[in-house]
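Worksheet for the structure shown next.
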Amino acid sequence: MMIDMTYTLDQFIEDNGLDRQRIEERRQQMLEDIRLQELKDARRGSHLTQKELAEQMGMNQKRVSALESGDIRRTKLDPSSGMPMASEPICMSP
C-alpha cells in the first residue's frame, strides 16, 4: 500500500476548519514560552538567584519570578531577541 505524502498543511487547515490567525497567535505564544524557559535555564545554569538576575536586569525579583512563570504582559521585550529588556547588559557567567 502506497502512502500519499502530498497532503499539505493548507489542506489540513482547510479540512479541519482551522484559523490561520489563531495558529499564528499560538505559534507566537509558544515562542515566547520557549524564550522565557531559556531565560530560566540560563539563570540556573549561571547559578544566579532570581534576585541577582533581577538586579542585573534593573527590575525586582517578583518580576523575574513572573517572567519565569510566563507572565510577560507588562514587560518590554527586545525586538531582536524577544528577551526581556535590561537596563544594562546582563552578565550570566559565574
ask   = Does D19 have any side chain to side chain donor-acceptor pair (under 3.5 Å) partners at least two apart in sequence or in another chain, and if so, which?
value =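 D19: no side chain to side chain donor-acceptor pair (under 3.5 Å) contacts found.
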
message = Checking T8 now: which residues fulfil side chain to side chain donor-acceptor pair (under 3.5 Å) with it, not counting sequence neighbours?
response =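 With sequence neighbours excluded, T8 shows a side chain to side chain donor-acceptor pair (under 3.5 Å) to Q11, given in chain and number order.
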
How far apart are the closest heavy atoms of [X] and [Y], and which atoms are they?
X: S65; Y: Q50; value: CB-OE1, 3.4 Å
X: L67; Y: L36; value: O-CD1, 3.4 Å
X: R63; Y: N60; value: N-OD1, 2.8 Å

query = Roughly how far, to the nearest 0.5 Å, is CD of Q29 from CD of E32?
reply =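 Rounded to the nearest 0.5 Å, the CD-CD separation comes to 5.0 Å.
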
ask   = Got a sec, which residues hit salt bridge (Lys or Arg N to Asp or Glu O under 4.0 Å) with E25, two or more places apart in sequence or on another chain?
value =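 Per chain and number, E25 pairs via salt bridge (Lys or Arg N to Asp or Glu O under 4.0 Å) with R22.
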
ask   = Any sub-3.5 Å donor-acceptor pair from Q56's side-chain atoms to L53's backbone N or O?
value =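 Looks like no, no N/O pair under 3.5 Å.
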
Can you name the side chain to side chain contact (heavy atoms under 4.5 Å, CB included) partners of [X], sequence neighbours left out?
X: L18; result: F12, I13, N16, I23
X: K40; result: Q37, R43, R44, E68
X: E24; result: R27, Q28

